[in-house]
Amino acid sequence: MAALTHCGADPVLVRRESELAAVDGLVLPGGESTTISKLLTVFDLLEPLRARLRNGMPAFGSCAGMILLASEVLDTRPDAEHLSGVDMTVRRNAFGRQVDSFETDLDFAGLDDGPMRAVFIRAPWVERAGPGVEVLATVPSGPCAGRIVAVREGNVLATSFHPEVTGDLRVHGMFVDIVRAARSGG
Ligand code: GLN
């Protein structure tokens, strides 16, 4: 909420279908994707959310949010739901366990003011990106070099990492720009 406010947006929390209907875009935050999946079902948000994504609503998913936006999820629970907002296969907990959480500097396509510090917390990676999906960032070095960790398809943005936990809010700024462009018919 603070990051979006900083970028000039007017964020509200979305828990109900009427609240979802009122927003111009949606951030699906980090957390636990299987729990968020259950809550989306319990609160009757799953189908309304799928419908809004099909109709082009801008969305940004980080970490668990990226998992939820995938069209296919590996290493999740068989009953976990996903939203198919991006044509991609995402592997949950791909970098390992909680202790394998890490930080690195990424080159992020479309952000020109130098590399971005990225914080990965039991993060997923994108194992397959569909032909219409733009790869925005990959892991630069180490055993996971080349793994896709940021993508965009249409108005939907997803990152494996948590850009809200550093002071660098350029990804949120990019998302607010996407929402503004979509609202003005762009
Ligand atoms: N491992 C979590 C999941 O599967 C995601 C972790 C996070 O959002 N930082 O949903």
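Ligands are counted one by one from 1 in listed order, and the atoms in each one are counted from 1 as well.
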Per-atom filter on ligand 1: closer than 4.0 angstrom to a heavy atom of G30 are 8 (O)
So that I can tick it off, tell me whether D24 and R183 are bridged by a salt bridge, with the cut-off set at under 4.0 angstrom between side-chain N and carboxylate O. yes
Of all protein heavy atoms, the one nearest atom 7 (C) of ligand 1 is C63 SG, 2.7 Å
Would you say the rings of H172 and F60 are close, in the sense that their centroids are separated by under 6.0 Å?
yes
Backbone N or O of V73 within a donor-acceptor pair of the T76 side chain at under 3.5 Å?
no
* Asked: Is it true that a side-chain atom of R92 and a backbone atom of A94 form a donor plus acceptor pair closer than 3.5 Å?
  -> no
- Using a cut-off of 6.0 Å, state whether more than 12 heavy atoms not belonging to D79 lie near its atom CG. yes
One finds that the ligand 1 atoms under 4.0 Å from a non-hydrogen atom of G31 are 2 (C), 5 (C), 6 (C), 7 (C), 8 (O), 10 (O)
Problem set entry | Check: S62 N/O within less than 3.5 Å of ligand 1 N/O | no
Counting heavy atoms under 4.0 Å, the part of R92 that contacts ligand 1 is side chain
ask   = Would one find an N or O of A64, backbone or side chain, under 3.5 Å from an N or O of ligand 1?
value = yes
Counting from 1 in the order shown, the ligand 1 atoms closer than 4.0 Å to a non-hydrogen atom of N93 are 1 (N), 2 (C), 4 (O)
*Would you indicate whether D107, at its atom CG, is surrounded by more than 12 heavy atoms from other residues, nucleotides or ligands within a distance under 6.0 Å?*
no
Short version for I67: what comes under 4.0 Å of ligand 1, heavy atoms counted, is side chain
Between R52 and L20, is there a donor-acceptor pair closer than 3.5 Å when you use the side chain of the first and the backbone of the second?
-> yes
If we number the atoms of ligand 1 from 1 as shown, the ones under 4.0 Å from a heavy atom of S33 are 3 (C), 4 (O), 10 (O)
